[in-house]
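Take a look at the structure below.
Below, chain A is the first sequence line, B the second, and so on; all start at residue 1.
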Amino acid sequence: MTWLEQEIARNQKRIDRITANPDSTKIKANKLLYELERDLRIAQLDAWKTGNKPLINSDHLPPLVYALGGIGIDSMGAADRTMLATEYFNILRSNNFPDDACDRTIVIIALCVSKNFPPPNFVIATSFACPMECVSPKAIGEYFNMPVFHVDTTLETSDDALTYVADQLGELIEFAKAKVPGVDYSEEKLLYAFEQDTIAHECAKQIHQLRRRVPCPLAGQDAFRLPRIPSMYPDPKKGAEYWKQFAEEMHERAEKGYGVLEDEKLRFLWAVTGPFYFNPFDILAKRGVAVPALQFGVMSRWFGAEYGLFGDEKEYGRKLKPLEELARFLNGNTWAGLGNRWVDSTLNMAKDLKCDGIIYFLQLGCSASGGVSRLVSERAERELGIPTLMLEGRQLDPFYKSQQASEEEMNAFIDLCLNKKKSKSK
Amino acid sequence: MHTTISSEKGLKELTTLGLEANRNKYALQWKKDGKKVAGLLCSYIPEEIVHAAGVLPWHVFGTWQAGTPHANEWRPADTCLYCNHVLEALLTDRLDFLDAVVGTDWDQELVRLWDVWRYVEKTPTTLIIDVPIINTDTAVKFLAQQFHKFIGEMEKLAGRPITDDDLMRSIAVLERTRHLVKRLYELRNAETPAFTGTEMLGLTTAAMLMSKEEFNDRIEALLPYLEKRKIPAEKSRPRLLVSSDRLDNPGHLAVIEEAGCVVAMDDLDTGSRHYWRHVELSSASSPTLRQEIVSALARRYLMQPASPRMMNWQDQVDQVVNWVRDYNIQGVIELPQGFSRYREFRANFFRNKLEEAGIPIMSYRREYIVSNVGQVKTRVGAFIEMIESKA
């Protein structure tokens, strides 16, 4: 059974379990989410086996992949879901690929090389988040001799930069039409994808407002869940429906004054990523620490903290054409570009959510976040008066650092923050 | 015309200029003369524009000392080693003489080095150029926009405008350097090369640390001597090509050559890649001379033999294959610097394509500093044996 088939079975099992024994303490919208995940994997498997539709990696440009008539390959998202990737690191080593770069960017290579996951029929390699999220799909495309198109994003946002990226997207569409069988670009579909993604985005904005409440109505684990944009699913409307349900439930919780923690003593912003092989939020919750948000590259845009996702005219002072909208999205990831974009965004988020501390996950090999980690901690201390814990680790490798060591560091940090809060209140 | 020494001594002066004790020499003299120095962090920065502003384009090398304790307080140790060693040099006050530092997004590690550089405020001016990872016409146009902006920033630094004449003069100087360096590469191509790979890297890095005019004068004066020079015949086989990035320490090549070979060609951004491509002005395409100059520079820098940061991997392999053929190379040694992600992700492709072309290749992950000497010699020795057994 391939990893993809295992995922279908896993999601089906979750759906069956929820159907048979609904748990009132869990979010009901989860069922819809598992159905979406299952349906995506089924569509990927079908396209892989039959070739009925082109498989296109969609981590960075889901609406465009949908508009090209492709089935999205969520390379990084799939890697995240391996949870524990020891066997994949070995595959990388034996094939001359790096084994100490950021986990999600390398594990997907091993998933494809080991035939556990379909390689895309067409690769879109963009520097949207970081160089590794660009060269990882490229390496897969070159390995399997598939057509690869590169989209270069920019260090800073400007009108020139927007035009530059939008022009490349136009070239991408022509390239795909000429080189990839089954591609059939439709602007109508692109606009439909924007529409569904915008519905989800409006829900995300509402959720973000709820995060600010004390006590926080979101569990750390829910906050940590990376949002999946509706257009990456075969049925974007169902993806938008999930967000509507999720937001409604969050509202209900908040209106009832139902905080996830009985006694919220502290609030931490969790930044970058985290260990996927254990749940650090249980430890935090036991000590009364809420984690209202995960700060990552597109966090502020996706949750509307700065600009809207699509259709927001504020940033450029005019209505943008569809490909310009995509270009605006591509150039807006705070992981990419100059460091102050990421540092400012992280500090703004911590301030906005009234956080008492930041847990900054120092993911091995993450060039985007590691190189400015001290800038975050120094400025957080100076400008917000809050400390930062640099928690070293790997997302998918429990052998890099023990769970016990991580827990000890978090507990010590909680003590420090509690003492700090106590002395402040005196 | 500067005073020149047309002899082995003159050659040695140049080949040792990059040593840590010597490398600031010209920059400090430049400062004493009341002129400004800009530290460049990448081979995609248009030196012509810096030169046209009357500022010394001085390429920043890191400290060659083993530890980077100060840098490690700012950057995880398991990140780009060049960046860590450069930051160590900055934080230990070895780069205090710089009036400006210019970075690019060669990779994100370099951007993050630049972020810290700006934050610590040890250099008055911090500039960065957004260099595309693709070399299409669209990308050339975007880079030209970046270069126009960079001209404005260099004008501010220089305190005077940069004219078209300034730019044309600087292009001529830099082109002269490129022609001279390529002449040196021709001398490597002789059956018994004029100098070792170690010496050649000393020469190519010297040009990155001194005034181009003086480098040109010195090489012109040395050429008659160099054209007759030969390394010992027993050290001239097998002929290998070394491929790496940010390799500024000739000691790495010395260790390889001590294993019993000559590095007769390189694929380095401190070597061939930095000098290979010329600036070609076209009379037809642009409405003004300024636009044409800047477009020509953008074309030159984006079309130069590419670093792995560029996405044209097949062209990069083809370039190496051509050099292997043109320089009668028997094997390729790839020296990925630790945590150089672009090269690491390209490694599978690079190796497979060279093997398909029948070119033996070995790869050894290196530190920024010269280390593990015994192990490198053993690995290279085994590689040489393998090549010779096939010959």
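In terms of heavy-atom pairs under 4.5 angstrom with chain B, the leader among A:Thr163, A:Leu362, A:Asn340, A:Leu375 is A:Leu375. Interface check for chain B: of the options A:Val372, A:Asp167, A:Leu338, the most heavy-atom pairs under 4.5 Å are formed by A:Leu338. In terms of heavy-atom pairs under 4.5 Å with chain B, the best-connected choice from A:Asp100, A:Thr154, A:Val343, A:Leu364 is A:Asp100. Comparing A:Glu378, A:Glu171, A:Arg374 by heavy-atom pairs within less than 4.5 Å of chain B, the highest count is held by A:Arg374. The greatest number of non-hydrogen atom pairs below 4.5 Å with chain B, out of A:Ala125, A:Gly337, A:Ser373, A:Cys134, is found for A:Gly337. Interface remark: of the candidates B:Gln145, B:Arg118, B:Arg341, B:Arg341 forms the most heavy-atom pairs closer than 4.5 Å to chain A. Heavy-atom pairs under 4.5 Å with chain A peak, among B:Pro132, B:Cys80, B:Cys83, B:Pro336, at B:Pro132.
Salt bridge annotation for A:Glu325-A:Arg328: present, with a cationic side-chain nitrogen under 4.0 angstrom from a carboxylate oxygen. Using a 4.0 Å cut-off between charged side-chain N and carboxylate O, B:Glu153 and B:Lys156 make no salt bridge. Classification of A:Glu156 and A:Arg341 as a salt-bridged pair fails, no side-chain N sitting under 4.0 Å from a carboxylate O. Contact check on B:Asp105 versus B:Arg309 returns a salt bridge, with a Lys/Arg side-chain nitrogen under 4.0 Å from an Asp/Glu carboxylate oxygen. With respect to the salt-bridge test (charged N to carboxylate O, under 4.0 angstrom), the residues B:Glu292 and B:Arg299 qualify. A salt bridge is defined here as a Lys NZ or Arg NE, NH1 or NH2 lying under 4.0 Å from an Asp or Glu carboxylate O, and A:Asp80 with A:Arg104 meets this definition. By the 4.0 Å N-to-carboxylate-O rule, B:Asp318 lies too far from B:Lys353 to be salt-bridged with it.
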- Task: Decide yes or no on side-chain contact (heavy atoms from CB on, under 4.5 Å) for A:Tyr185 and A:Leu172, but give the supporting numbers first.
- Result: CA-CA 11 Å; A:Tyr185 174 71; A:Leu172 183 161; over 6 Å; no
- Message: Pair A:Asn116, A:Ser114 - check side-chain hydrogen bond (donor to acceptor under 3.5 Å, both in side chains), show working.
- Response: CA-CA 5 Å; A:Asn116 267 291; A:Ser114 62; 3.1 Å; yes
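Scanning all heavy atoms of the two residues, the minimum distance from B:Gln146 to B:Ile129 falls at CB-CG2, 4.0 Å. Taking both residues in full, the closest heavy atoms of A:Pro137 and A:Val123 are given as O-CG1, 3.4 Å, listed atom of the first, atom of the second, then distance.
For B:Gln108, the parts lying near chain A are the backbone and the side chain together; criterion is any non-hydrogen pair under 4.5 Å. Contact of A:Cys366 with chain B is not made at all, since no heavy-atom distance falls under 4.5 Å. Of the two parts of A:Ser377, neither the backbone nor the side chain holds a non-hydrogen atom closer than 4.5 Å to a non-hydrogen atom of chain B. At a 4.5 Å heavy-atom cutoff, the contact between A:Ser136 and chain B is made by backbone and side-chain atoms alike. Looking at B:Glu73, both its backbone and its side chain come within 4.5 Å of chain A, counting heavy atoms on both sides. In this structure, chain B has no heavy atom under 4.5 Å from any part of A:Glu392. In this structure, chain A has heavy atoms under 4.5 Å from both the backbone and the side chain of B:Thr138.
Residues of residues 142-151 of chain A placed with any heavy atom under 4.5 Å of a heavy atom in chain B are listed by number as A:Glu142, A:Tyr143, A:His150. Residues of residues 343-351 of chain B placed with any heavy atom under 4.5 Å of a heavy atom in chain A are listed by number as B:Glu344, B:Phe345, B:Ala347, B:Asn348, B:Phe349, B:Arg351.
Between A:Phe128 and A:Phe329, a ring centre-to-centre spacing shorter than 6.0 Å is recorded.
Heavy atoms of other residues, nucleotides or ligands lying less than 6.0 angstrom from CG of B:Asp315 number more than 12.
For the 3.5 Å distance criterion, the side chains of B:Asp267 and B:Ser243 qualify, holding a donor opposite an acceptor. Side-chain contact of B:Glu88 with B:Thr68: a donor-acceptor pair under 3.5 Å is absent, judged by distance alone. Residues B:Trp114 and B:Thr126 bring no donor and acceptor atom of their side chains to less than 3.5 Å of each other.
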